[in-house]
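First comes the structure, then the notes that go with it.
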Amino acid sequence: MIAFFNRARALMGPEMAGPGFALLAVVVFFSLASPQFLSRATFGSVAFQLPELGLLTLAMLLPILTGGLNLAITFTANIAGLTAAWVLKSNGGVDAGPVAFFIACLLAIGVGAASGLVMGLVIAYTRAHPILVSLSMMIFLRGLGEFLTRGGDISGFPTFIQPIGHGSILGLPIPLLIFIICVLIWHVLLTRMKLGFNTYMIGSNIEATRYSGINTRKVQVLVYTLSGAMCAIAGIIMMARFNSVRVGHGESYLLITVLACFLGGVNPFGGFGRVIPVFVALVVLQLLSSGLNLMGANQHLATAVWGILLIAVMILRYAAGHLKFLQRIKG
Amino acid sequence: MHRMIQSHATEFALLAVIIVISLVLSLSTDSFFTPGNAFDLLNSSSVNIIFAVGLLVVLIAGGIDISFAVAASVVQYVTAILLGWIGGGGWLSGLLIAGGAGVLLGAFNAFLIHKFRIISIVATIATFNIYFGLLMFFTRGVSIYNLPEWLTDRVILYEREMTDGSWIEITLPVLVMIICVVATWIFITRTTTGRQLYAFGDNPEGARRFGINIGAMQFIAFGWLGLMAGIGGLIQAHYAQEVVPNALYGRELDVLAAVVLGGARLGGGKGSVFGCVLGVLLISITQNGLNLAGVSPFAFRMIIGAIILAAITLSNTRLEKLLPFMRQEGGRG
Amino acid sequence: MSELARPKSGQKPLLSLRNINMTFGGIKALKNVSFDVLPGEVHCLAGENGSGKSTLIKIVTGVYRPEPGASIDYDGQTYSHMSPVTAQAAGIKVIWQDLALFPEMSVAENIAFQTVLGRWPRFVNYARMRETAIRALARLGVSLDVDLPLKEYPISQRQIVAIARALVGEAKLVFMDEPTASLTQSETDHLLDIVRTLSASGVAVVFVSHRLAEVLDISSRLTVLRDGALVGVYPATGMTQSRITELMTGKTFDHETRARDVSANPAMLEVEKFSRPGLFEDISFTVRRGETLGITGLLGAGRTELALSLFGMLKPRSGTIKIDGKPVRFSSNRDAIAAGVAYLSEDRLSLGLIQPQSIADNLVIASLDRITSGGLLSDDRKRALVARWIADLGIRIGRQGDAVSTLSGGNQQRIAIAKWLATDPKLLILDAPTVGVDVGARAGIFDIIAKLADSGLAIILISDEVPEVYFHADRVLHMAEGRIVNRFTPRDCTLQDIEAAVYA
């Protein structure tokens, strides 16, 4: 039993304290405040809302771990969605077949990865600040999308793709399953693969990592490419969920993904952070907004509460650090 | 001269790019290179420049602020409501209320950053969500159109008809913008407090050993940005003649891009008012020129994004590599 | 000895510290320390890393507050603690070890930084600032372009700027924390002249340096700290480097060169006519299996650049290298590592180890392939590999997952060595392996180096401390201005021979 706990702690790390505590607080508070909170309906709404924000957060996580940021995630998802939509439209629209959809997905992921690749190359070879590079990429992609769609939306896709946004297997929503698979992939990547190992090292000290014989440029390029590919998956799911693609869709998620990472204990300077605590932080955010919804508040209030929650967790972390420090002085 | 160019490389590079773009645009369109258009440009960029010089101060002090644009929206609402209470008010009371509210919102950021040691990007992303969420919640997304008349009336300080039939006008936003720019320039280059801000951003530990008050630095930097955000918010309401809760949403990143394009460094200690103004102007000139050249408005942002990306790539691939002569002649004597 | 006025007995001290205690996170950094400085004297403050020297300076200058009960008597006034502002106003100046300069600001502003301090905003007088800066530099006999940003200057000039800054205003007491670390001999000599002048004009100077020999003959007294406690105050006359080392560490060391004759061993590394103009030129030498080759010379002699070239991180313009008889050409350090070259950086804090990351991760970073199975990293293999090296090198750690920054300098250096040994190298280049390592812990590092050489590894030992290469290398190369100017064999020469050549 103890071994199990130790293993669980090793799996999640010290970053778990903040989101774990928040999860407990949110569940207890809303179960007391609203009898309908602990219900299938809440689970359903969380399960369907989680994946979009979640996949984009995974896309944000890798760059943050390297000490960077990818501000282009939402528009990369849009552009990837547009690519898929374009393939479907030019292959019969509503009548497009599964093969067309498969090709659409591949191309979408390719386009997402390509946008990440360009950012990664610029960041790795010119050492420009990632915030800037991704910011200009964001402005470029937004413009490109608006140019291509003239500000409108594209719809009319075959009906068989809708389950990807709405369907369930064995009671589990398909988008949630896709998200969980992606979480596991990211978890394995970060804990068990060389790329993940090097991602953390780069985040703490890129020069020392280079002196240790790591190809740091390759790592940076791969990190942003993977981030872009993950955006594309989010874009495809958004397309299936709304049955349309519109540039600007999910724009408000951008800073929420950063918030979710920080809430999940990721170090803002890079080098530290794990996938599972970030996953829990995402669940907390969705539970909060579902709970507030039940109590009659709208999404905007939930957004404000998300901000307050982040500050609360940061203050608690500060207080905990302070307490530990005081104890050490006494001891 | 060479040394001047070397120590202000970013500013001169930007100036060169602006000149090249202006030349191309004035050759391809008749209406670009006219005084009327130039003043239009200044008018429409005023708010962004006010925001930009405010953000510059925070960047110099080693921080970053994501929340200032939505804070400006909050200020617009607060000011509109308070002006209603005091029965209309005027420019002076309007600026005082807007500036004061802005300083308070900025100081809240500084409080979180200094008191709880939350790094600025985390703190301001949190307050971004808080300010915007609460604003949308309480206003229910409703805009205000019945602003006091003095606020919506255009104030033209100087106008003249040119020989080509176009009008040049200096309006209130331009005057306020110039005052903000000059004040920020004096503040950060000519006062001891401004130099302490630079030193603090450049080497915080070194500044601490000299007894520079770190907390005061945070409050001054974020307070200054709050002041600029408040003033900019009021001017934006004046310019747009309405208050829309999400009108400034997303502006923070555009302004950030312009300021960093102008040579400010994320991480502190570096940046100039001149470069920052040029950064904003480069973007608005391009936008304006593309508009006049008949390019689809949908393509603007794409082209601007590409320009910024190219500019960043080039400015980071060492200037000396591209212009090898500068290294020899501009070198240390 | 020098002609400096010796302090008369019974002279009232300028600075007098009593009952200074300081605790950081449960560790006592200073235990009941007393410290006196007489007006106009040159005083040495000696101690190992972590003995409390820097903490003491930070207390005198008001960066830290000592624990209650302390008294600071300075220039006729008693303080319970200082603040940076009062300390500066009272004429206490510091040349910090990390310089604490502002790289983006102009040289003038850095030197006259004091003029922008103060609580209430004033306008800056740039003209006066320039004048002040030029005057301070002139006092050092240096002229720099004061309008350029400081970052345009190399580290040795920045050190001069830091010294100039300390001379601005009414200095009465100047602390110099390792001021000669990156100065050449002539610059050091010049600095010592300045110290003499300062002292003659009544300014007291406190020197903190690990190369105490150079300052002993201009100082009058010596205070030694060990583990945060005062060991004693001694007259400088008759003091020797080895006696100081003994006082600092509480141990006696008797050195004997361990140089052996390994000329029969096969060559491991052959370097021929290796050049990169401006950094190093026409370098040829051989290192044999089991041999330790020392390379010494002043800072800026091209030692580190040569090492980086051998490690594939700096491309040479011409010349060849052979490893184990095979010619090799590296396009990155990955090639070099694959060929069996390992390089321990001189800058352990920012290049050698990734300080915030764990001990285990730092140890395996260069040999990830060895802990990979089926494309995935194996935790068990990693733990076993780390445990093996920790045991092999006798490293004292808490847990494998602790941050490397929690270790002492000596143990950190052992982790860095283990990191490279895990790659199974043929040639190990050690660049200043004892920098930031306590005198007492250095012996342990050299024991490891000796064992590695005995096991057949070829080792290049780079150090600017001549005794290190004299006592621990089989042969010594002396580099100056990018060239090998002398070759010594410690068995056939004395330490003084090499020192005379290097410091000439």
Side-chain angles (χ1 to χ4, degrees), chain B residues 1-10 59-62 183 185-217 219-220 223-224 263-272 275 320 326-327 330-333, chain C residues 54 57-58 60-64 82-89 92-110 112-126 129 143-154 157-158 162 165-166 175 177:
Chain B
M1 186 63 192
H2 268 297
R3 209 171 65 200
M4 179 96 179
I5 293 177
Q6 198 187 28
S7 55
H8 298 274
T10 319
L59 288 183
I60 283 172
W185 180 78
I186 290 176
F187 171 54
I188 62 176
T189 65
R190 300 286 134 174
T191 70
T192 52
T193 311
R195 301 319 289 170
Q196 290 180 17
L197 275 175
Y198 266 100
F200 170 57
D202 202 359
N203 181 351
E205 174 58 23
R208 203 168 70 91
R209 293 207 203 128
F210 272 98
I212 288 176
N213 186 339
I214 308 283
M217 292 294 115
F219 277 96
I220 290 168
W224 189 270
R265 181 172 65 188
L266 295 161
K270 200 179 166 199
S272 73
E320 299 99 87
M326 282 184 71
R327 191 180 204 160
R332 207 175 310 120
Chain C
S54 298
I57 299 179
K58 285 185 178 164
V60 178
T61 50
V63 178
Y64 294 152
M82 280 279 182
S83 84
V85 179
T86 48
Q88 267 152 66
I92 301 177
K93 311 282 172 153
V94 197
I95 299 159
W96 299 100
Q97 187 174 8
D98 62 5
L99 305 184
L101 293 166
F102 306 104
E104 292 290 338
M105 300 176 104
S106 72
V107 170
E109 208 163 359
N110 268 288
F113 190 70
Q114 201 186 6
T115 56
V116 307
L117 293 175
R119 204 190 174 111
W120 300 107
R122 299 176 311 275
F123 284 105
V124 182
N125 186 340
Y126 280 105
M129 198 180 254
S143 92
L144 297 176
D145 184 340
V146 296
D147 298 320
L148 276 183
L150 181 79
K151 63 175 179 194
E152 302 283 328
Y153 289 100
Q157 311 250 39
R158 293 188 198 186
R165 182 171 70 184
F175 285 90
D177 196 352

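The heavy-atom pair separating B/Gly206 from C/Ala100 by the smallest distance is CA-CB, 3.9 Å. When all heavy atoms of B/Asn203 and C/Leu101 are compared, the pair lying nearest together is ND2-O, 2.8 Å.
Contact tally against chain C (heavy-atom pairs below 4.5 Å) for B/Thr193, B/Ile186, B/Thr191, B/Ile212: the top residue is B/Thr191.
Contacts of C/Leu99 with chain B are absent, with no heavy-atom separation under 4.5 Å from either backbone or side chain. Only the backbone of C/Thr115 comes within less than 4.5 Å of a heavy atom in chain B; its side chain stays farther off. When heavy atoms are compared at a cutoff of 4.5 Å, C/Asp98 approaches chain B solely by way of its side chain, counted from C-beta outward.
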Between B/Asp202 and C/Glu104, is a side chain to side chain contact (heavy atoms under 4.5 Å, CB included) present by the stated rule, with each step listed? CA-CA 7 Å; B/Asp202 202 359; C/Glu104 292 290 338; 3.3 Å; yes

Could you check B/Arg190 against C/Tyr126 for side chain to side chain contact (heavy atoms under 4.5 Å, CB included), going step by step and ending with a plain yes or no? CA-CA 9 Å; B/Arg190 300 286 134 174; C/Tyr126 280 105; 3.6 Å; yes

Start with the C-alpha gap between B/Arg209 and C/Thr61, add the side-chain angles, then the distance that decides, and say whether side chain to side chain contact (heavy atoms under 4.5 Å, CB included) holds. CA-CA 8 Å; B/Arg209 293 207 203 128; C/Thr61 50; over 6 Å; no

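No side-chain heavy atom of B/Arg195 sits less than 4.5 Å from a side-chain heavy atom of C/Phe113.
Atom NZ in C/Lys151 sits 4.0 Å away from atom NZ in B/Lys270 (nearest 0.5 Å).
The main-chain N or O of C/Arg122 is found under 3.5 Å from a side-chain atom of B/Thr192 such that the two form a donor-acceptor pair. Proximity of a side-chain donor or acceptor of B/Gln196 to a complementary backbone N or O of C/Val116 within less than 3.5 Å is detected.
Between C/Phe102 and B/Phe210, the two ring planes are tilted [angle within 30° to 60°].
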